[in-house]
Amino acid sequence: MNAHLTNASSRSIIDTIVRDVADRNPGEPEFLQAVHEVLESIAPVLVERPDYVEAGIIERLVEPERQVIFRVPWTDDRNRVQVNRGFRVQFNSALGPYKGGLRFHSSVNLGIIKFLGFEQIFKNALTAQGIGGAKGGSDFDPHGRSDAEIMRFCQSFMDELYRHLGEHTDIPAGDIGVGAREIGYLFGRYRKITNRHESGMFTGKGVAWGGAEVRTEATGYGTIFFLEQMLARRGVALDGQTAVVSGSGNVALYAIEKLQQLGARPITASDSSGYIVDENGIDLELLKQVKEVERARVSAYVDRRPAARFVAGGSVWDVPARFAIPSATQNELDEAAARTLVRNGVVAVAEGANMPCTPEAIDVFSEAAVLFAPGKAANAGGVATSALEMSQNASRQRWSFSDSEDRLRAIMVAVHDQAYEASERYGSPGNYVVGANTASFVKVADAMLAQGVI
Ligand code: NDP
Ligand code: 2IT
């Protein structure tokens with residue numbers, strides 16, 4: 001059966017599966033968007049590999065191996081009981097233990113966690129670090145909560161989640177709303193419940209207690225390393241050019257830092273209240289002070305930097321620049337924003353966030369021959385460095401900052417090259433969406449094929 005798949009029959013198999021996924025997962029538009037993007041890319045792979053179709057690889061890939069939803073009750077500072085919902089979606093473990101971050105944000109629901117977990121399967125495959133894909137989180141909103149409230153929430157969250165975790169089973173890390181502070185409380189509670197100091201069951205830990213050098217910087221740095229590779233292939237310089245960056249969290253701050261180290265001039269940052277523009281280049285120490293130390297809104301930056309301006313609401317993509325680094329959240333850059341960027345002369349877009357560009361925006365970049373790096377490739381440096389943290393924990397070693405950064409850079413070069421080569425092999429040279437999706441899909445599919453129907 002299926003010995004000779006044509007392009008048309010391979011597309012029709014994919015269309016049927018996409019329809020089936022839509023029917024089986026109502027009310028989960030982000031998950032469908034992520035599935036659609038991956039499956040759209042892999043038709044040329046199926047033409048060559050009818051054995052994947054016969055083994056039901058795609059139908060199995062789009063169904064998580066395990067999904068956990070749980071109650072997270074906690075008491076706020078006014079002694080009122082609050083109830084949130086916790087999630088962990090263990091999507092695919094063909095390549096290694098489940099690995100992926102936790103997101104605490106009011107918008108979190110099952111569909112969001114499934115989209116993130118699905119993306120994580122392919123991203124993790126690209127890193128070549130032997131890690132499966134997962135994601136978790138809660139609809140808890142940390143904004144404005146005291147440290148004590150954050151701690152009580154994290155402890156209650158871990159009271160349920162711990163039974164599903166372990167260094168050989170499932171290893172979480174941070175994502176939106178989960179940084180060093182939350183990881184500390186989560187890790188501490190896990191230790192207390194299990195009576196084990198199992199360093200490798202969480203990544204993104206403080207460097208003083210088992211964390212890896214460069215993990216904090218890794219996602220932002222890695223995104224810019226990927227950008228550097230894309231530009232080098234086209235002979236475009238990074239040095240001296242302007243960049244618009246969205247977000248002002250972990251990914252955005254360290255994307256800005258690496259852009260500056262490489263001689264570029266990032267001129268924006270944002271949060272859900274609006275964006276700042278500083279034509280002289282962002283003062284990173286000030287921005288870190290505002291966001292990481294004071295945990296204030298991004299507008300506080302302009303109070304101490306009179307040459308900069310704050311725009312409430314609005315779109316940071318209205319600011320003209322050569323490069324765009326969306327680093328806040330999904331679907332933050334739509335078709336209209338993409339057209340504005342193109343009109344203003346953007347030459348490359350690298351996704352620091354997960355799925356920040358809508359499919360229509362990606363089409364605009366593609367038509368305008370703008371270099372485009374999809375998140376599952378461009379932001380893979382975060383999880384790749386998490387895997388380096390796991391290696392160090394397992395071997396009780398500590399690698400220096402510069403050694404770790406060299407390893408991160410080498411991984412990002414390899415991620416770039418794999419994606420580029422696959423884009424050529426499957427007939428879309430320079431299309432990194434096709435390249436990243438096909439290169440990673442083949443790795444996961446081969447592992448699933450070898451391990452039988454499970
Ligand atoms: P942080 O919580 O550190 O920062 C998130 C930033 O994005 C904040 O400035 C936040 O503003 C803004 N933001 C979040 N949600 C929204 C929204 N709905 N609308 C507008 N702005 C929003 O998160 P990270 O920097 O860690 O994550 C940013 C992105 O990068 C996410 O897509 C994440 O999945 C992805 N990513 C993260 C990795 C990591 O290692 N941390 C690894 C790979 C990808 P505000 O405070 O106002 O909400
Ligand atoms: O989206 C991501 O890759 C992350 N939030 C990081 C996951 C990890 O396990 O380091």
Side-chain angles (χ1 to χ4, degrees), residues 30 96-108 112-113 115-124 126-127 129 131-137 141-144 170-183 201-205 211-212 214-223 245-256 268-276 287-288 290-292 295-299 313-316 325-333 350-357 374-390:
E30 294 86 1
Y98 304 111
K99 181 84 192 91
L102 297 174
R103 175 178 292 191
F104 293 168
H105 191 270
S106 53
S107 64
V108 163
I112 298 265
I113 299 299
F115 120 63
L116 290 162
F118 187 73
E119 289 286 287
Q120 202 81 45
I121 304 169
F122 305 98
K123 182 193 307 192
N124 293 5
L126 286 173
T127 69
Q129 298 294 306
I131 37 181
K135 202 81 182 192
D141 179 3
H143 290 104
D170 184 350
I171 306 97
D175 194 81
I176 291 176
V178 178
R181 173 180 58 171
E182 292 74 19
I183 291 170
M201 59 65 62
F202 217 109
T203 62
K205 300 180 296 295
V214 185
R215 177 61 190 88
T216 304
E217 296 82 359
T219 311
Y221 278 20
T223 302
V245 178
S246 66
S248 51
N250 175 265
V251 179
L253 290 173
Y254 293 97
I256 289 172
T268 64
S270 70
D271 62 20
S272 53
S273 68
Y275 66 91
I276 55 166
L287 187 60
K288 283 184 180 172
V290 167
K291 297 303 299 190
E292 289 189 319
R295 296 183 186 272
R297 303 277 74 198
V298 77
S299 54
S315 168
V316 68
I325 319 292
S327 306
T329 194
Q330 64 276 355
N331 294 328
E332 57 165 308
L333 197 167
E351 293 188 326
N354 284 308
M355 209 168 75
C357 298
K376 67 169 71 69
N379 71 39
V383 74
T385 308
S386 279
L388 301 184
E389 182 170 331
M390 291 161 65

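Please read all numbers here as calculations on a predicted model, not as lab measurements. Position 1 is the first residue of the sequence; numbering continues from there. For ligands, and for the atoms within them, numbers begin at 1 and follow the listed sequence.
At under 3.5 Å, a nitrogen or oxygen of Thr219, whether backbone or side chain, sits near a nitrogen or oxygen of ligand 1. Close N/O approach between Ser327 and ligand 1 is not found [any backbone or side-chain N/O within under 3.5 Å]. The N/O atoms of Asp175, backbone and side chain alike, include one that comes under 3.5 Å of an N/O atom in ligand 1. The shortest N or O to N or O distance between Gly382 and ligand 1 is not below 3.5 Å. Distances between N or O atoms of Asn354 and those of ligand 1 include at least one value under 3.5 Å. Considering backbone and side-chain atoms alike, Arg215 places an N or O below 3.5 Å from some N or O of ligand 1.
The closest non-hydrogen atom to atom 48 (O) of ligand 1, taken over His143, Arg297, Arg295, comes from His143. Nearest to atom 28 (C) of ligand 1 by heavy atom, out of Gly381, Ala328, Gly249, is Ala328.
Contacts with ligand 1 closer than 4.0 Å are made by backbone heavy atoms (N, CA, C, O) of Ser270 only, the side chain lying farther away. Residue-level proximity to ligand 1 for Lys291 is absent, since no heavy atom of it falls below 4.0 angstrom. Contact annotation for Lys135 and ligand 2: only side-chain heavy atoms (C-beta onward) come within less than 4.0 Å of the ligand. Only side-chain heavy atoms of Arg103 come within less than 4.0 Å of ligand 1; its backbone N, CA, C and O stay farther off.
Ligand 2 lies nowhere less than 4.0 angstrom from a heavy atom belonging to Pro172. Close to ligand 2: Arg215, with a non-hydrogen atom less than 4.0 angstrom away. The shell of residues lying under 4.0 angstrom from ligand 1, judged by heavy atoms, includes Ser248. Close to ligand 1: Lys123, with a non-hydrogen atom less than 4.0 angstrom away.
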